[in-house]
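Remember, it's 1-based here, ligands and their atoms both numbered in the order they're listed.
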Amino acid sequence: MTNKVIIVGAGPCGLLLAHYLLNRSTQYQINIYERRSDPRLVSLDNSRTIPYGLSERGLKALRKIDGLEAAIKAESVKNKGVIVHKENGKTLFLSKRTPTFNTNRTRLVITLLETLTKNYESNQVKINFGCKCTQVDFAAKTLGFEKVREASVEEDREKVNVNYDLLIGTDGAHSVVRKHFLTTESFDFEQKHVRSGYKTVFIPGSNEKAGIDLQRDCLHVWRPYNGIAFGAVPQLDGTFIGLLFFEPDDGNVAGISSKEDAIAFFHKYIPEVGQLISESEAEAFLKRPPSPQLKIRCNRYHYGDSVLIMGDAAHAISSSLGQGCNVAFEDVMLLDSLLDEYSEKWEDALAQFTIKRQPDAYALSELDNNVFPSSKALFTEFILRENFARVMNKLLPNIFKPSLRDLIADSTIPFADILKSYQSWISRVKDSNDRLIRKKHVKIN
Ligand SMILES: Cc1cc2nc3c(=O)[nH]c(=O)nc-3n(C[C@H](O)[C@H](O)[C@H](O)COP(=O)(O)OP(=O)(O)OC[C@H]3O[C@@H](n4cnc5c(N)ncnc54)[C@H](O)[C@@H]3O)c2cc1C
């Protein structure tokens with residue numbers, strides 16, 4: 001029986017995994033190592049967080065741990081649909097079949113941490129914050145960490161070596177554990193930068209003077225021109241976290257060099273946000289560097305009977321479908337069911353994890369690229385198709401399949417099956433998106 005488990009990364013995936021393993025057996029001794037500080041001790045500065053929407057895939061995984069789904073829902077806003085803001089000032093409402101629960105990363109991680117430390121003793125689970133994994137040795141089953149909290153000078157950093165029976169890398173898209181897989185045989189790995197980067201914007205939900213009051217139980221979306229999109233995600237305190245997605249060569253965003261420029265940009269292209277953003281937030285927005293997004297695909301997630309990568313470390317996608325965290329939670333549930341199926345035999349459970357998960361992870365990556373068309377015309381068609389599919393599926397469920405968005409966000413149907421049933425639409429969007437990128441390249445050159 002495996003005893004000493006090391007989890008690298010106390011993000012959503014690593015923390016839910018610790019819940020699941022301890023829920024299975026008291027024989028597991030878990031040590032989690034996280035390079036950042038304990039979020040419970042850092043003042044809740046929301047400006048460093050990103051918004052999350054949890055849907056059925058993620059919620060189903062939370063449900064298996066007593067009280068966890070309720071604890072996370074209590075930190076979330078129940079979201080019943082998307083409001084698309086059009087250029088002419090009109091809006092279009094896209095309802096959701098089942099609600100999504102909107103929160104943000106900091107709140108989610110703190111809730112997972114608090115419930116973990118409340119449910120289990122420190123001899124069962126120890127969380128080591130400020131410890132960055134820097135060395136991995138699969139053969140010797142050892143890891144090296146640097147304590148990054150106090151010392152800023154590299155040579156002064158305290159170094160710690162630890163050994164493990166089982167190592168699970170949940171250390172995100174830039175995973176150090178995954179990097180070590182490159183030294184193992186027949187490991188294929190693909191990394192792609194998403195074309196659009198993003199910046200967060202923190203806004204109140206209303207401005208009485210300007211007559212703006214964003215509906216709090218919906219996600220708000222603007223697509224003012226090709227290549228740019230803005231989403232405002234409701235938060236429990238009545239504020240919204242905005243995400244501005246833009247391409248690196250977008251002249252309008254690149255041209256923002258003062259807080260006045262930032263405010264003018266929003267007034268021109270996303271007028272409601274222009275009325276809501278404060279001067280201090282425009283200043284903060286200006287200083288925030290654009291965040292890149294990384295997509296990861298690998299052909300194997302395990303090594304022998306002692307190493308596994310999960311969550312973004314194994315299959316990071318862009319934020320466009322809002323599924324990365326949901327899927328990371330689904331990974332944990334899959335591992336748990338494999339441990340049941342293979343009577344806690346890690347060697348079999350890990351090998352099966354790769355076999356079972358890889359087709360879905362590849363399909364998700366394809367969907368992630370090609371559900372939403374970049375072309376405005378095709379995007380309008382997408383909305384019409386989705387609405388039609390929704391109505392027809394409600395009337396004649398045996399003949400008409402659910403809409404693509406419903407299948408992705410509201411069901412737990414495997415992504416490989418969803419891709420198969422929507423392959424013709426995905427291929428059309430892929431062609432259109434590729435054409436737009438080629439056109440842009442021709443213009444640039
Ligand atoms: C803008 C944006 C919006 C998103 N919205 C949604 C959404 O609505 N719904 C959804 O489901 N998903 C969403 N996602 C995706 C989601 O952020 C990720 O898929 C999810 O966080 C993956 O969880 P994880 O635990 O696997 O990895 P991460 O969240 O990346 O956590 C990894 C952890 O490992 C730590 N770590 C990294 N390296 C080391 C190291 N060397 N040593 C020790 N610790 C280390 C990190 O500090 C981090 O805490 C969004 C992503 C973005 C960028």
Side-chain angles (χ1 to χ4, degrees), residues 6-18 31-39 48-59 61-62 72 76-77 79 100-106 108-110 112-113 127-136 143-149 160 162 167-180 194 196-201 219 229-231 233-234 241-245 290-296 301 309-332 361 364 368 408-409:
I6 291 200
I7 297 175
V8 180
C13 189
L15 291 172
L16 185 65
L17 174 66
N31 259 284
I32 308 178
Y33 289 86
E34 166 58 49
R35 100 191 139 159
R36 293 186 197 161
S37 318
D38 185 341
R48 289 201 56 200
T49 194
I50 48 173
Y52 277 0
L54 293 177
S55 53
E56 185 50 24
R57 279 170 214 280
L59 294 171
L62 294 173
I72 286 168
S76 311
V77 176
N79 168 337
T100 297
F101 288 82
N102 286 124
T103 182
N104 63 65
R105 193 179 191 285
T106 310
L108 178 66
V109 165
I110 288 180
L112 286 166
L113 266 173
I127 309 162
N128 308 273
F129 289 101
C131 288
K132 181 180 172 190
C133 179
T134 50
Q135 274 183 340
V136 185
L143 295 170
F145 291 92
E146 277 181 4
K147 290 204 171 183
V148 291
R149 210 166 1 184
V160 192
V162 292
L167 162 65
I168 306 194
T170 53
D171 48 343
H174 297 275
S175 171
V176 170
V177 178
R178 187 191 61 233
K179 250 176 227 152
H180 202 67
V194 179
S196 294
Y198 71 92
K199 275 194 181 204
T200 46
V201 186
L219 175 76
F230 188 87
V233 186
I241 305 182
L243 292 166
L244 176 70
F245 294 95
S291 300
Q293 294 194 68
L294 208 54
K295 290 184 57 139
I296 301 293
Y301 310 126
I309 46 173
M310 301 172 83
D312 273 12
H315 44 62
I317 50 167
S318 83
S319 59
S320 72
L321 299 176
Q323 285 299 310
C325 183
N326 286 289
V327 173
F329 285 172
E330 208 177 40
D331 279 1
V332 175
L364 178 62
D368 179 43
I408 292 171

Set of residues that line ligand 1, where lining means a heavy atom lies under 4.0 Å from it: Val8, Gly9, Gly11, Pro12, Cys13, Tyr33, Glu34, Arg35, Arg36, Ile50, Pro51, Tyr52, Gly53, Arg105, Cys131, Lys132, Cys133, Thr170, Asp171, Gly172, Val176, Tyr198, Leu243, Gly311, Asp312, Ser319, Gly322, Gln323, Gly324, Cys325, Asn326

Pairwise distance OG1(Thr170) to CG(Asp312) - rounded to 0.5 angstrom: 10.0 Å

Other residues, nucleotides, ligands: >12 heavy atoms within 6.0 Å of Lys132 NZ: no

Aromatic plane relationship, Tyr33 with Phe145 - under 30° parallel, 30 to 60° tilted, over 60° perpendicular: parallel

Atom pair CG/CG of Leu112 and Leu15 - distance to nearest 0.5 Å: 5.5 Å

Ser318 vs Asp368, side-chain hydrogen bond (donor to acceptor under 3.5 Å, both in side chains): CA-CA, chis, key distance, verdict: CA-CA 7 Å; Ser318 83; Asp368 179 43; 2.7 Å; yes

For the student: nearest non-hydrogen atoms of Cys325 and Leu54, plus distance: SG-CD2, 4.1 Å

